[in-house]
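Here's the structure, in structure tokens; my notes come after.
Computed from heavy atoms alone, side chains included, the values below leave out hydrogens, waters and symmetry copies.
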Amino acid sequence: MPLQRINLLGVPVDICRQEDLESVILELLAKPGTKQIVFLSVWNLLKARQQNDYAECIRNADLILPVSKSILRGARFLRLAVPVRYNPFSAVINVLSVLESHYKSLYLLGSRKSMLQTAESNVHATFPGLQIVGRYVGYYPKNIEKNVIEAIYKASPSLALLCDGIREKDVWAYHRRNQFSSSIFLYYKDAIGIFSERINRVSETVFDHGYEIWIEILHNPLKIFLLFPYLWYNMLLAWYRIRKL
């Protein structure tokens, strides 16, 4: 499998070249049981350093793709192999393209009814060879969850794409990993919103320059306080570098 895993500040991060993504996805599809792909930001990397369910989820994930430029910079600073950074939505498109080319299936979970229906229609139009085997809205009441799990189990999709409205986010699939047969689970909050054209995707230019955080701050000024964990991240990098001397 053309995949290398490094350890950055005690957190696993995968190095998956763009040209190897298809073979990596096919390897995951061939593996039995529940699999999980995770998008890792620098903020989530810090969260994964703690003793919590999210940390366990990350350690057990099958594919961990970095989405923050700071993760690449950190790996370079600590003289580790440098991962490939992924734009989450572009990565979702690439994964769906792989699934379509191999006649695989998709289950959509999350968001509101109208957005989910529009997203399903647009995904079907964009990937006509991809079989959509089910969908269910997010924000559902707790007593419905058993039905949701049963529906995904029976549909046995190649990929279950989870979006907004799933309270536990990445950890949802990890907590329920023994209740499914053989599917890949991927959480990306904005996927259905972008597919339904209710949310604008971050441009490749903005993403390539690492400016996407400023777009988020414009939409939610309180995110300026992410500066503090970012400073902590840099202090940790400096400490790990000193320890290696």
Task: Closest non-hydrogen atom pair between Gly210 and Arg85, with its separation - done: CA-NH2, 3.8 Å
- [ ] Identify, with sequence neighbours excluded, every residue that meets salt bridge (Lys or Arg N to Asp or Glu O under 4.0 Å) alongside Arg17.
- [x] Glu19, Asp20
Task: Within residues 122-138 or reaching into it, pairs that qualify as salt bridge (charged side-chain N to carboxylate O under 4.0 Å, His left out) - sequence neighbours excluded - done: Glu120-Arg135
Open item on the list: Quick check against the 3.5 Å criterion: does Ser158 have a side-chain atom that pairs as donor or acceptor with the backbone of Ser105?
Closed with: yes
TODO: Sorted by first residue and then second, give each salt bridge (charged side-chain N to carboxylate O under 4.0 Å, His left out) pair with at least one member in residues 153-162; sequence neighbours left out.
DONE: Glu150-Lys154
Open item on the list: Tell me whether the count of non-hydrogen atoms from other residues, nucleotides or ligands lying under 6.0 Å of CG in Asn220 goes above 12.
Closed with: yes
- [ ] Give every residue pair that meets the side chain to side chain donor-acceptor pair (under 3.5 Å) criterion with at least one member in residues 64-77, sequence neighbours excluded.
- [x] Arg73-Tyr230, Arg73-Asn234
Open item on the list: Is there a side-chain contact between Leu78 and Leu9 in this structure, where contact means two heavy atoms from C-beta onward sitting under 4.5 Å apart?
Closed with: yes
Open item on the list: With heavy-atom distances below 4.5 Å as the criterion, would you say the side chains of Leu63 and Val38 are in contact?
Closed with: no
Task: Atom of Asn7, atom of Leu80 and distance for their closest heavy-atom approach - done: O-CD1, 3.5 Å
Task: For Glu216, all residues meeting salt bridge (Lys or Arg N to Asp or Glu O under 4.0 Å), sequence neighbours excluded - done: Lys223
- [ ] Taking all heavy atoms of Ser111 and all of Tyr139, pick out the closest pair and write down the distance.
- [x] O-CD1, 4.1 Å
- [ ] Ignoring hydrogens and angles, tell me if any N or O in the side chain of Lys35 forms a donor-acceptor pair with the backbone of Lys31 under 3.5 Å.
- [x] yes
Task: Of all pairs that satisfy side chain to side chain donor-acceptor pair (under 3.5 Å), the ones with a partner from residues 236-245, not counting sequence neighbours - done: Arg49-Tyr240
Open item on the list: How close do Gly110 and Ile192 get, counting heavy atoms only, and between which atoms?
Closed with: O-CD1, 3.6 Å
Open item on the list: Can you tell me how the ring of Phe228 sits relative to the ring of Phe225, calling it parallel under 30°, perpendicular over 60° and tilted otherwise?
Closed with: parallel
Task: Exercise: identify the closest heavy-atom pair between Asn44 and Phe39 - done: ND2-O, 4.1 Å
Open item on the list: Checking Asp53 now: which residues fulfil side chain to side chain donor-acceptor pair (under 3.5 Å) with it, not counting sequence neighbours?
Closed with: His175
Task: Any residue meeting salt bridge (Lys or Arg N to Asp or Glu O under 4.0 Å) with Glu56, in chain and number order, not counting sequence neighbours - done: Arg59
Open item on the list: If we ignore hydrogens and angles and just use 3.5 Å, is the side chain of Ser183 paired with the main-chain N or O of Pro157 as donor and acceptor?
Closed with: yes
- [ ] May I ask you to test the Val137-Arg112 pair for a side-chain heavy-atom distance under 4.5 Å?
- [x] no
Open item on the list: Tell me whether the count of non-hydrogen atoms from other residues, nucleotides or ligands lying under 6.0 Å of OH in Tyr153 goes above 12.
Closed with: no
TODO: State, with a plain yes or no, whether a side-chain heavy atom of Ile71 is found less than 4.5 Å away from one of Leu8.
DONE: yes
Open item on the list: If the threshold is 4.0 Å, N to carboxylate O, is there a salt bridge linking Glu145 and Arg167?
Closed with: no
Task: For Asp190, salt bridge (Lys or Arg N to Asp or Glu O under 4.0 Å) partners two or more places apart - done: none
Open item on the list: Are Leu29 and Lys104 packed together at the side-chain level, in the sense that at least one heavy-atom pair is separated by less than 4.5 angstrom?
Closed with: yes
TODO: Given side chain to side chain donor-acceptor pair (under 3.5 Å), test Ser90 with Arg201 step by step and report yes or no.
DONE: CA-CA 10 Å; Ser90 297; Arg201 58 175 297 188; 2.9 Å; yes
- [ ] State which residues pass side chain to side chain donor-acceptor pair (under 3.5 Å) with Asn122; sequence neighbours excluded, sorted by chain then number.
- [x] none
Open item on the list: Determine whether the aromatic ring centres of residues Phe195 and Phe89 are separated by less than 6.0 angstrom.
Closed with: yes
Open item on the list: Less than 4.5 Å apart, side chain to side chain, heavy atoms only: is that true for Ile194 and Tyr188?
Closed with: yes
Open item on the list: If we ignore hydrogens and angles and just use 3.5 Å, is the side chain of Gln4 paired with the main-chain N or O of Ile15 as donor and acceptor?
Closed with: no
Task: Option from Ile93, Ile25, Leu21, Leu159 for which side chain to side chain contact (heavy atoms under 4.5 Å, CB included) with Val98 holds - done: Ile25
Open item on the list: Are Leu106 and Leu108 packed together at the side-chain level, in the sense that at least one heavy-atom pair is separated by less than 4.5 angstrom?
Closed with: yes
- [ ] Could you list who else is in Tyr103's hydrophobic cluster, with ILVMFWY side chains joined at under 4.5 Å, directly or through other members?
- [x] none
Task: Leu109 side chain reached by Trp172 side chain, heavy atoms, under 4.5 Å - done: yes
Task: CG-CG distance between Leu162 and Asp170, expressed to the nearest 0.5 angstrom - done: 8.5 Å
Task: Arg5 bridged to Asp14 by N-O distance under 4.0 Å - done: yes
Task: Non-neighbouring partners of Ser121 that pass side chain to side chain donor-acceptor pair (under 3.5 Å), sequence neighbours left out - done: none
- [ ] Give the minimum heavy-atom separation between Pro229 and Leu46, together with the two atoms involved.
- [x] O-CD1, 3.2 Å
Open item on the list: Measuring centre to centre across the rings, with the benzene-like ring taken for any Trp, is Phe180 within less than 6.0 Å of Phe185?
Closed with: yes
TODO: Report yes or no: is the cationic atom of Lys169 (NZ for Lys, CZ for Arg) closer than 6.0 Å to the six-membered ring centre of Tyr187, at no more than 45° off its axis?
DONE: no
